[in-house]
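As structure tokens, the structure follows; a few thoughts come after it.
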2 protein chains.
Amino acid sequence: MKELAKDILIEKGVSPSYHRLKVLEYLLENRNHPSADDIYRKLIEEIPTLSKTTIYNTLKTFVESGLVESFNILQNEVRYEYNLNPHAHFLCKKCGKIYDLPDYDNCLKNQIIAGHEIHDHQINLSGICKNCREKE
Amino acid sequence: MKELAKDILIEKGVSPSYHRLKVLEYLLENRNHPSADDIYRKLIEEIPTLSKTTIYNTLKTFVESGLVESFNILQNEVRYEYNLNPHAHFLCKKCGKIYDLPDYDNCLKNQIIAGHEIHDHQINLSGICKNCREKE
DNA sequence: TACAATTTTGTAATCATTACATAATTGAAT
DNA sequence: ATTCAATTATGTAATGATTACAAAATTGTA
Ligand SMILES: [Mn+2]
Ligand SMILES: [Mn+2]
Ligand SMILES: [Zn+2]
Ligand SMILES: [Zn+2]
């Protein structure tokens, strides 16, 4: 049962415009934590009039409606993903790939720690990935 | 026994130039996770010729020599700290303050997870802090 | 003093992101 | 179908942190 971008948008109360559908479909098919620019460069191929501002607007809408998550494992650009399950991220400093680590969620969302109300929880690991290690 | 900036630099093999001493002293006294610009704006008061590039160079040197840690809890700027103990960070979305959470380290540094070699481990939480909650 | 190595400075470039005004599209009401 | 307001998309210009790079200053040592 393939997830339909349109249904997901409607369910979250986001009106399913053409561009929003395209961005969400991209995120459903590409689970490699793309940047705004990654999405733009792919979609501009079939939508030549597409504006990068539209990508930023769309992603902002998605994140605010809880449809998509953004995270700052890199210091220069934001990455996005459609993956609501809590999980940690691992960045390989050699090849730049970002891996999911589902077993290391340890999620503190909605808990109260030291009096602080936790709304969001990101675990960012980095080092050398399995692939890169095996090449050496 | 107050930690002496000069001794710390020498121990880590970083030559203790005037500017480096000033930056490290700032970090030793200000445990509020400052940005490069925070440090610059304070030090320019007593060093009017100070260049912001020097701040960036110095912080880069410190991070590379393992003297200082940097982290990306914000999407637009890097924050720095002198605190070698593993701990998590909590960002208040209301007041912008960044708190330390020493009990939630759960550090995976130098471990191998799913074949990946973990060199660095950041835990970034966000929400509404104790102070801001009590004001409501 | 001479000189090479290190450190600092200043300017300009880079690059992701945002601001904002304008244009296009949509969807309901007439 | 037409009108009109609301939403969505576009384009350009600005912002702001960070980096590149070359020149200047400082340091340590012969
Ligand atoms: Mn992920
Ligand atoms: Mn800290
Ligand atoms: Zn790798
Ligand atoms: Zn607060």
Side-chain angles (χ1 to χ4, degrees), chain A residues 5-6 9-10 12-26 33-65 67-81 91 96 98, chain B residues 5-6 9-10 12-26 33-65 67-81 91 96 98:
Chain A
K6 194 172 184 178
L9 288 175
I10 289 169
K12 290 282 183 178
V14 177
S15 60
S17 76
Y18 178 70
H19 298 81
R20 286 176 181 161
L21 278 172
K22 286 299 180 185
V23 172
L24 185 51
E25 280 167 7
Y26 180 93
H33 312 96
S35 67
D37 194 60
D38 290 334
I39 302 170
Y40 175 74
R41 288 206 317 277
K42 178 62 184 174
L43 295 190
I44 191 80
E45 291 175 10
E46 37 172 340
I47 315 169
T49 62
L50 182 66
S51 164
K52 197 178 266 190
T53 305
T54 297
I55 301 294
Y56 280 108
N57 288 343
T58 301
L59 289 170
K60 188 166 186 252
T61 301
F62 286 179
V63 170
E64 282 171 0
S65 60
L67 191 58
V68 158
E69 307 238 319
S70 69
F71 57 100
N72 314 316
I73 201 169
L74 292 158
Q75 89 172 212
N76 46 331
E77 68 180 4
V78 182
R79 297 301 191 99
Y80 299 87
E81 71 177 336
L91 165 73
I98 296 172
Chain B
K6 195 171 184 177
L9 287 176
I10 290 167
K12 291 281 182 178
V14 177
S15 61
S17 74
Y18 178 70
H19 299 81
R20 287 175 181 161
L21 278 171
K22 286 299 181 184
V23 171
L24 184 51
E25 280 167 7
Y26 179 93
H33 313 96
S35 66
D37 193 61
D38 290 334
I39 302 170
Y40 175 73
R41 287 205 318 276
K42 178 62 184 175
L43 294 191
I44 191 80
E45 291 175 11
E46 38 173 340
I47 316 169
T49 62
L50 182 65
S51 164
K52 195 177 269 189
T53 305
T54 297
I55 302 295
Y56 281 109
N57 289 342
T58 302
L59 290 170
K60 190 167 186 251
T61 301
F62 286 0
V63 170
E64 282 171 358
S65 61
L67 191 58
V68 157
E69 307 236 322
S70 68
F71 56 100
N72 314 316
I73 200 167
L74 291 158
Q75 87 170 215
N76 47 329
E77 69 180 3
V78 182
R79 297 302 191 97
Y80 299 87
E81 72 177 335
L91 164 73
I98 295 172

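Lettering of chains follows the sequences in order, A, B, ..., and the numbering in each one begins at 1.
When each of Arg20(B) and Arg79(A) is assigned the nucleotide of DNA chain C bearing its nearest heavy atom, the one mapping closer to the 5' terminus is Arg20(B). Closest-nucleotide positions on DNA chain C for Val78(A) and Val14(B) were compared, and the one nearer the 5' end corresponds to Val14(B).
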Evaluation steps, side-chain hydrogen bond (donor to acceptor under 3.5 Å, both in side chains), between Ser35(A) and Asp38(A): CA-CA 5 Å; Ser35(A) 67; Asp38(A) 290 334; 3.2 Å; yes

Side chain to side chain contact (heavy atoms under 4.5 Å, CB included) evaluation trace for Val78(B) with Leu59(B): CA-CA 11 Å; Val78(B) 182; Leu59(B) 290 170; over 6 Å; no

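The NZ atom of Lys60(B) sits 14 Å away from the P atom of dT18(D) (whole-angstrom rounding). For the pair Leu59(A) CG and dT18(C) C1', the computed distance is 14 Å after rounding to whole Å. Atom pair Lys52(A):NZ and dA13(D):C1' shows a separation of 15 Å (rounding to whole Å applied). Computed from coordinates, the Ile44(B) CD1 to dT8(C) P distance equals 14 Å when rounded to whole Å. Rounded to whole angstrom, the span from the OH atom of Tyr18(A) across to the P atom of dA24(C) amounts to 18 Å. The interatomic distance linking Ile55(B) (CD1) with dT9(C) (C1') rounds to 12 Å, in whole Å. What separates CD1 of Ile47(B) from C1' of dT8(C) is a distance of 11 Å, to the nearest Å. The distance from atom CG of Leu43(A) to atom P of dA9(D) is 12 Å, rounded to the nearest whole Å.
Distances shown here put a side-chain N or O of Ser17(B) below 4.0 Å from the OP1 or OP2 atom of dT8(C). Dashed line: the shortest gap from a side-chain N or O of Gln75(A) to OP1 or OP2 of dC15(C) is not under 4.0 Å. Within the structure, a side-chain polar atom (N or O) of Thr54(A) is placed less than 4.0 Å from OP1 or OP2 of dT10(D). Residue His19(A) places at least one side-chain N or O closer than 4.0 Å to OP1 or OP2 of dT10(D). One finds a side-chain N or O of Tyr56(B) lying less than 4.0 angstrom from the OP1 or OP2 phosphate oxygen of dT18(D).
Residue Thr53(B) is in base contact, counting any heavy-atom pair closer than 4.0 Å across all strands shown. Among the heavy atoms of the strands lying under 4.0 Å from Thr49(B) are primed sugar atoms or P, OP1, OP2 only; no base atom is included. Counting any heavy atom pair closer than 4.0 Å across all strands shown, Asn57(B) reaches a base atom.
Taking every side-chain heavy atom of Ser15(A) into account, dT8(D) is the closest of dT8(D), dT17(C), dT9(C). Among the nucleotides dA17(D), dT9(C), dT17(C), the one closest to the side chain of Glu77(B) is dA17(D).
Residues Tyr40(A) and Leu50(A) share a closest heavy-atom pair of CE1-O, 3.5 Å.
One finds the OG1 atom of Thr58(B) at 13.5 Å from the NZ atom of Lys22(B) (value rounded to the nearest 0.5 Å).
For the pair Ile55(B) and Tyr26(B), the minimum side-chain heavy-atom distance is 4.5 Å or more.
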